[in-house]
There are 2 protein chains.
Amino acid sequence: MNILINDGKILPMTTSEGDNLYFKGYVGIEGEKISFVSSDRKDALNFVASHPDARQIDATGKIVMPGLINTHTHVAMALLRGISDDVPLMEWLEQHIWPIEGKMGYQEVFDGARLGILEMLMGGTTTFVDMYPYEEAVAEAAETAGIRALVSPCPMDFRMDHFENDWKQVQKRFSSSRLVSMWMGPHAIYTLSGEHLQRSISLSKELGVGSHVHLAETQTEQNNSMAQYGMSPTEYFEKAGLFTTKTLAAHCVVMSDHDIEILAKNGVSVAHNPQSNMKLASGIAPVKKMLDAGINVSLGTDGASSNNDLDMWEEMRTASLLQKVSTLDPCAIPAYTALQMATVNGAKAIGREGELGVLADGALADILLVDIEKAHLYPHTNLISELVYSAHASDVDTVIVNGNIVVENRKCLTMNAQEVCGTAQKHIDALMAK
Amino acid sequence: MNILINDGKILPMTTSEGDNLYFKGYVGIEGEKISFVSSDRKDALNFVASHPDARQIDATGKIVMPGLINTHTHVAMALLRGISDDVPLMEWLEQHIWPIEGKMGYQEVFDGARLGILEMLMGGTTTFVDMYPYEEAVAEAAETAGIRALVSPCPMDFRMDHFENDWKQVQKRFSSSRLVSMWMGPHAIYTLSGEHLQRSISLSKELGVGSHVHLAETQTEQNNSMAQYGMSPTEYFEKAGLFTTKTLAAHCVVMSDHDIEILAKNGVSVAHNPQSNMKLASGIAPVKKMLDAGINVSLGTDGASSNNDLDMWEEMRTASLLQKVSTLDPCAIPAYTALQMATVNGAKAIGREGELGVLADGALADILLVDIEKAHLYPHTNLISELVYSAHASDVDTVIVNGNIVVENRKCLTMNAQEVCGTAQKHIDALMAK
């Protein structure tokens with residue numbers, strides 16, 4: 001399909017703070033790619049002349065911007081939203097989350113992923129990076145719902161057989177997918193023996209893919225790593241050679257200056273998950289320090305059961321506010337930086353800089369229309385500030401992924417919302433009754 | 001008007017954690033008051049028999065709960081949303097906020113307040129506590145829009161004449177209002193001489209009203225107070241006799257144990273404003289400590305220019321998450337406590353315990369219907385957690401204030417949204433061009 005978006009406020013995310021960040025203009029889409037982004041009406045007229053069948057969308061009163069990239073989640077955990085909150089971490093895991101997860105199979109993961117994907121699409125997330133058992137099910141859910149996904153089959157000591165089967169299935173079924181790609185997901189220092197970590201690293205190299213890992217999420221992880229290996233988790237992974245693969249590290253809360261240096265030196269990207277880190281009382285990641293050190297920091301929601309949603313607008317706002325208050329610097333993480341973290345930095349984190357996270361000629365057509373004709377976004381004086389400090393997921397009106405309209409007028413076109421929600425409810429009721 | 005709300009999930013906020021917090025049931029409204037709250041269908045049938053003309057509302061798939069109480073804002077600052085962000089506090093005030101505020105008169109405050117009130121009603125806030133010049137204009141905006149307001153004309157050394165005129169006008173025009181009430185608003189230690197503070201205190205006593213004050217918002221305020229008076233702002237206000245009036249203190253970020261003792265001993269309520277404190281990098285209020293000391297802590301948004309919205313759902317979520325991460329205790333401020341802060345504690349803070357903030361026989365009918373049939377709120381396992389950790393202002397479907405339906409199916413019935421937003425835009429454009 002070809003699409004022409006008319007008269008929107010275009011926020012391409014291709015410019016640096018200080019430049020003209022947005023302008024009134026037009027975006028043309030040819031198949032799965034953006035064919036032009038322009039403030040000149042002539043370009044729109046030319047596009048229509050050469051694509052007379054193009055679907056035209058009126059974006060008056062709307063911001064047109066790249067889709068958001070959620071670089072760390074366990075999307076199927078949407079099924080577990082709210083089953084346990086406000087309890088200590090180990091009680092949360094051992095008494096609530098793990099027992100239920102132990103009963104989840106392919107179908108539960110598939111339907112849980114559908115619920116999470118529905119929420120993400122409705123809120124303007126067009127790409128997510130996942131890690132969970134049954135990534136094959138997550139890949140299938142993503143492909144059928146029309147969202148872009150980087151899935152990470154996840155080696156853990158107690159289920160290596162499951163992992164070996166999972167990555168092979170994903171490769172077999174989705175290697176030619178336009179939406180799904182795969183990395184390895186070495187889970188964390190505390191769930192992987194050296195041998196199994198090496199298996200993950202060699203698979204990454206063999207398949208030419210990156211690694212998505214949990215890193216330095218809690219003080220306990222740090223303490224145990226020091227006790228067991230005499231070094232921090234970051235130092236351990238560097239020594240093991242993990243960072244010789246392209247790496248995306250989620251959390252990075254407990255980080256020494258040396259750890260930060262290691263990530264910077266190795267070009268490791270970070271997925272910052274502020275709301276999850278707050279809710280689980282893990283701590284505050286030194287995001288400003290990491291950005292200042294030149295590390296590419298992106299944003300993730302983590303799973304819905306420690307957040308409790310998959311809302312990238314909240315992560316942007318929280319990332320900015322939390323750094324301001326924790327560094328006592330009201331200039332920390334200004335609004336445009338938060339937007340970059342959720343778009344261009346996310347694209348870079350998964351090795352797709354230039355292709356995703358921007359509106360530019362030749363980039364993939366993952367695009368949002370955000371409706372700003374609402375009281376909580378008035379008056380309009382600074383659209384960047386509006387988006388980061390006042391906008392909500394519910395202000396997203398239209399979502400395009402890979403050139404396909406998947407949400408329009410706040411209705412998901414690729415999924416039946418009532419069916420997706422009802423199915424999820426049935427699963428959790430059954431799982432909790434077991 | 002009489003109203004019967006049928007088949008909702010009733011969250012009365014009258015019970016303590018551990019009890020049955022919500023149940024399927026009915027709420028009857030007779031004029032401005034709630035006449036019954038019940039899980040028994042017979043009560044609904046009896047109500048219809050005695051009020052055959054009652055308007056019936058189907059609340060299937062919705063939570064029915066008390067309206068939210070925003071205990072600290074400067075509502076007219078909605079007009080200044082986004083004019084300056086991500087800059088140091090003094091630059092923000094001196095170069096951006098104050099110059100524009102200096103040009104604002106009655107009409108700008110009135111129309112700014114209308115914008116803020118529209119946003120608040122659409123998001124389920126039914127009562128707000130305000131402080132600003134021209135509280136007469138804020139009172140008029142509240143009365144005509146149908147929202148409950150406690151306005152606080154605000155003595156400051158450089159505009160005592162304005163203050164004396166303002167409170168008299170509010171008293172003259174609104175003393176018999178069903179929606180508007182008035183307290184004194186002694187601004188802060190750093191803007192009031194001892195003499196003018198005493199004027200505020202005696203007026204509070206003379207009129208039999210409380211005091212709404214900014215207290216201990218920043219380290220600078222604390223340092224200056226120590227240098228000038230040899231004591232903390234809290235100690236200073238206690239010594240001056242402020243706390244012999246019923247007091248609501250906004251912020252309370254920089255608090256010693258002795259300061260906390262003083263507030264507890266004097267029954268001073270706190271308005272916690274987590275997002276504003278984060279955005280301005282003021283610091284993290286010791287909310288858990290204050291609650292543990294028996295202080296009544298409520299929630300406020302502060303003005304929209306330091307937030308940047310008037311969204312009590314975000315304040316609930318942020319209050320909970322911020323205490324968890326700052327105390328490293330995932331059990332801090334559990335969801336139900338956050339809901340209490342936004343409802344019953346708010347009512348208590350303004351001396352209206354039992355009348356507002358609850359669904360109970362004889363309480364005023366300030367009621368929300370929250371639509372939970374959405375992907376980001378599924379599956380339903382714990383409604384309290386859903387409301388605090390996942391719900392948004394945009395999930396509020398219907399709002400009743402003082403027995404009148406003011407928002408229905410997400411449309412404000414008392415204001416023309418387009419006109420309110422357009423007028424605000426014209427004002428800010430004119431103010432910035434001046």
Side-chain angles (χ1 to χ4, degrees), chain A residues 78-79 81-83 85-89 92 115 118-119 122-123 275 277-284 307-311 318 321-322 324-325 327-332 334-335 373-376 378-382 385-386 389-390 392-395 417-418 420-421 424-425 427-429 432, chain B residues 78-79 81-83 85-89 92 115 118-119 122-123 275 277-284 307-311 318 320-322 324-325 327-332 334-335 373-376 378-382 385-386 389-390 392-395 417 420-421 424-425 427-429 432:
Chain A
L79 205 59
R81 190 194 326 264
I83 63 163
D85 299 293
D86 307 321
V87 295
L89 180 64
W92 180 72
L115 177 64
L118 175 61
E119 178 188 352
M122 292 295 288
Q275 290 206 334
N277 297 158
M278 292 172 86
K279 182 147 183 286
L280 298 176
S282 306
I284 301 174
N307 189 304
N308 288 356
D309 53 34
L310 305 173
D311 182 334
T318 305
L321 297 184
L322 188 58
K324 290 181 203 305
V325 78
T327 63
L328 294 179
D329 173 8
C331 312
E373 293 300 304
K374 308 207 178 163
H376 65 280
Y378 259 88
H380 301 318
T381 50
N382 179 338
S385 155
E386 269 176 43
Y389 298 126
S390 312
H392 289 298
S394 53
D395 299 321
Q418 207 180 341
V420 169
C421 292
Q425 187 72 52
H427 279 306
I428 194 68
D429 290 346
M432 292 184 79
Chain B
L79 205 58
R81 190 194 326 264
I83 65 164
D85 299 293
D86 307 320
V87 295
L89 181 64
W92 180 71
L115 177 64
L118 174 62
E119 178 188 353
M122 292 296 290
Q275 290 206 334
N277 297 158
M278 292 173 86
K279 183 147 184 284
L280 298 175
S282 306
I284 300 173
N307 190 303
N308 288 352
D309 54 35
L310 303 174
D311 183 333
T318 305
S320 174
L321 298 184
L322 188 58
K324 289 181 202 306
V325 78
T327 62
L328 294 179
D329 174 8
C331 311
E373 292 300 305
K374 307 203 179 168
H376 65 280
Y378 258 89
H380 302 318
T381 50
N382 179 338
S385 155
E386 271 177 41
Y389 298 126
S390 311
H392 289 298
S394 53
D395 299 321
V420 168
C421 292
Q425 187 72 52
H427 279 308
I428 195 68
D429 290 346
M432 292 186 78

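Just so it is clear: chains get the letters A, B, ... in the order the sequence lines come, proteins before strands, and each one is counted from 1.
- With values rounded to the nearest 0.5 angstrom, B:Leu321 atom CG is found 7.0 Å from A:Thr318 atom OG1.
- Residues B:Asp86 and A:Tyr389 have side chains in contact (heavy-atom distance under 4.5 Å, counting atoms from C-beta outward).
- Looking at B:Cys331 and A:Pro88, their side chains come closer than 4.5 Å, going by heavy atoms from C-beta outward.
- When heavy atoms are compared at a cutoff of 4.5 Å, A:Leu79 approaches chain B solely by way of its backbone atoms N, CA, C and O.
- The greatest number of non-hydrogen atom pairs below 4.5 Å with chain B, out of A:Ala424, A:Ser394, A:Pro330, A:Gly82, is found for A:Pro330.
- The side-chain heavy atoms of B:Asn382 and A:Ile83, taken from C-beta on, include no pair separated by under 4.5 Å.
- With chain B as partner, the option from A:Gln425, A:Glu119, A:His427 having the largest number of non-hydrogen pairs under 4.5 angstrom is A:Gln425.
- Taking the side chain as every heavy atom from C-beta outward, B:Met278 and A:Lys324 never approach each other to under 4.5 Å.
- Within the 3.5 Å criterion, the main-chain N or O of A:Arg81 finds a donor-acceptor partner in the side chain of B:Thr381.
- Residues that satisfy the salt bridge (Lys or Arg N to Asp or Glu O under 4.0 Å) test with A:Asp309, not counting sequence neighbours, are absent from this structure.
- Note: A:His380 leads A:Glu386, A:His380, A:Met122 in heavy-atom pairs under 4.5 Å with chain B.
- Within the 4.5 Å cutoff, the side chain of B:Ser385 has heavy atoms near those of the A:Asn308 side chain.
- Between chain A and the residues B:Met432, B:His376, B:Glu373, B:Gln275, the most heavy-atom pairs under 4.5 angstrom are made by B:His376.
- With sequence neighbours left out, the salt bridge (Lys or Arg N to Asp or Glu O under 4.0 Å) criterion links B:Asp85 to B:Lys279.
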Candidate pair B:Ile284 and A:Val325, rule side chain to side chain contact (heavy atoms under 4.5 Å, CB included), full reasoning: CA-CA 7 Å; B:Ile284 300 173; A:Val325 78; 3.8 Å; yes
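- Neither the backbone nor the side chain of A:Val420 comes within less than 4.5 Å of any heavy atom in chain B.
- Using a 4.5 Å cut-off between heavy atoms, A:Asp311 contacts chain B through its side chain alone, with no backbone atom that close.
- Listed for the A:Asp329 side chain is no donor-acceptor partner under 3.5 Å among the backbone atoms of B:Ala281.
- Between B:Ala375 and A:Leu115, the closest heavy-atom pair is O-CD1, 3.7 Å.
- With a 4.5 Å cut-off on non-hydrogen atoms, B:Leu89 touches chain A through its backbone but not through its side chain.
- Side-chain contact between A:Ser282 and B:Leu328 is absent, with no heavy-atom pair separated by less than 4.5 Å.
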